[in-house]
Amino acid sequence: MSKPKRYWMMKSEPDAFGIDDLERVGTEPWNGVRNYQARNFMRDGMREGDGVMIYHSNCKVPGIAGIARVASAAYPDETQFDATSKYFDEKASREQPRWFLVDVAFERKLKRLIPLEEIKTHTDQLGEGFALTAKGSRLSVFPVTSAQWELLLSLE
DNA sequence: GCCAACGTTGGC
DNA sequence: GCCAACGTTGGC
């Protein structure tokens, strides 16, 4: 009996790395997350095979762009050790890594981008606490319930 | 480009 | 431990 699948949303700026980039590379180490809550979700919550919605942020039409899946267990983000990386963290060491990531594998693009504007009209069903639309929330990695997942996909 | 909201840092 | 200052996020 397999464990129940979990669902997540991960934000990305399409100018930096969007769903088209993920499609091209296939699988990508989701590096650069430097928020403890987001890290904890990746490190402690994610399991290989979990579903991921890829959200495009900080762009002309923000919204959900595609579906991916968690493709590895969590492991240390290499960029924290790289002094030439913008994600370098001088307080991190290989003995005591601070930042973790998972590999994310492309599954498919949505038939159309589901705009944030439209998602907001379903707040009553998604719940006030849904991190994507919760006031002031800037989390870039957060859980999605199966009910939320299905509702969002039904908008496609 | 603006700016509100947030998370982190560091002085005290 | 408080909290002001700062840097970042991300919609608009």
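Every chain is numbered from 1, with letters handed out A, B, ... down the list of sequences.
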Can you give me the N/O atom pairs linking the protein to nucleotides 4-9 of chain C at distances under 3.5 Å, or say none if there are none?
from: C:dT8; atom 1: O2; to: A:Arg138; atom 2: NH1; distance (Å): 2.6

Q.
Return whichever of A:Lys135 or A:Lys91 has its heavy-atom-nearest nucleotide of DNA chain B closer to the 5' end.
A. A:Lys135

Q: Could you walk me through whether A:Glu156 and A:Lys109 pass the salt bridge (Lys or Arg N to Asp or Glu O under 4.0 Å) test, one step at a time?
A: CA-CA 10 Å; A:Glu156 185 180 359; A:Lys109 288 172 74 168; over 6 Å; no

Q) Any salt bridge between A:Lys5 and A:Glu48, counting N to O under 4.0 Å? A) no

Q: Describe, in one word, how the ring planes of A:Trp8 and A:Phe41 are oriented to each other, choosing from parallel (under 30°), tilted (30 to 60°) and perpendicular (over 60°).
A: tilted

Q | A:Arg98/A:Asp89 ion pair, N-O < 4.0 Å | A | yes

Q | For A:Val104 against A:Ala68, the heavy-atom pair lying closest together | A | CG1-CB, 3.5 Å

Q: Output, in order, the C-alpha distance, side-chain angles, deciding distance and verdict of side-chain contact (heavy atoms from CB on, under 4.5 Å) for A:Phe142 and A:Lys11.
A: CA-CA 9 Å; A:Phe142 53 91; A:Lys11 294 183 187 171; 4.1 Å; yes

Q. Can the ring centres of A:Trp99 and A:Tyr36 be said to be less than 6.0 Å apart?
A. yes

Q | Stretch residues 112-134 of chain A: residues that reach within less than 4.0 Å of DNA chain B through a heavy atom | A | none

Q.
Strictly below 4.0 Å, N to O, side chains only: are A:Asp77 and A:Arg34 in salt-bridge contact?
A. yes

